[in-house]
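Below is one structure, written out as structure tokens; the observations come after it.
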Amino acid sequence: TAGVARRIVNTDGRGVALRGAPGGDRLPGKGYDEGATVQAFESSGEWTRIQGSDGRQGWVLSVTLSR
């Protein structure tokens with residue numbers, strides 16, 4: 001299923017860390033910078049699964065994604 005394009009926002013310039021599950025542990029490596037465009041997929045509570053242009057996936061707080 002195709003995602004919906006969203007931008008990383010509301011992080012005070014810090015960007016987001018990717019988590020392995022909603023509210024779960026941070027995945028190793030870098031997350032995505034504020035302003036990056038990502039694809040948003042399903043949501044679970046206050047979390048949304050995203051995938052960036054480089055193919056890395058993880059869960060981030062939904063409030064950090066533009067509408």
Side-chain angles (χ1 to χ4, degrees):
T1 315
V4 178
R6 297 275 190 260
R7 280 185 319 110
I8 304 297
V9 296
N10 300 328
T11 71
D12 290 326
R14 288 191 302 270
V16 292
L18 297 174
R19 294 178 185 269
D25 291 336
R26 288 178 177 222
L27 296 172
K30 190 170 168 0
Y32 289 110
D33 293 333
E34 181 148 341
T37 299
V38 298
Q39 297 294 310
F41 297 94
E42 75 269 22
S43 295
S44 176
E46 59 185 347
W47 298 85
T48 299
R49 185 172 64 85
I50 65 166
Q51 179 174 328
S53 57
D54 59 6
R56 292 178 302 121
Q57 289 191 25
W59 293 83
V60 299
L61 282 168
S62 303
V63 297
T64 62
L65 298 171
S66 63
R67 293 263 168 225

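These numbers come from a predicted model, not from an experiment.
Although no hydrogens or angles enter the test, the distance criterion places a donor-acceptor pair under 3.5 Å between the side chain of Tyr32 and the main chain of Gly52. A side-chain donor-acceptor contact under 3.5 Å links Arg19 to the backbone of Gly24.
Counting heavy atoms from C-beta on, the side chains of Val60 and Val38 never come closer than 4.5 Å. A 4.5 Å side-chain heavy-atom check between Trp47 and Leu61 finds at least one atom pair inside the cut-off. Put simply, the side chain of Ile8 reaches to within 4.5 Å of the side chain of Leu65, judged on heavy atoms.
To the nearest 0.5 Å, the span separating OG1 on Thr48 from CD on Gln39 amounts to 13.0 Å. Atom CG of Asp12 and atom CD of Glu34 lie 7.0 Å apart (nearest 0.5 Å).
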Worked check of side chain to side chain contact (heavy atoms under 4.5 Å, CB included) between Leu18 and Ile50: CA-CA 9 Å; Leu18 297 174; Ile50 65 166; 3.9 Å; yes
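Partners of Arg56 under the side-chain hydrogen bond (donor to acceptor under 3.5 Å, both in side chains) rule, at least two apart in sequence or in another chain, are Asp54.
Closest approach of Gln51 to Phe41, counting heavy atoms only: CB-CE1, 3.7 Å.
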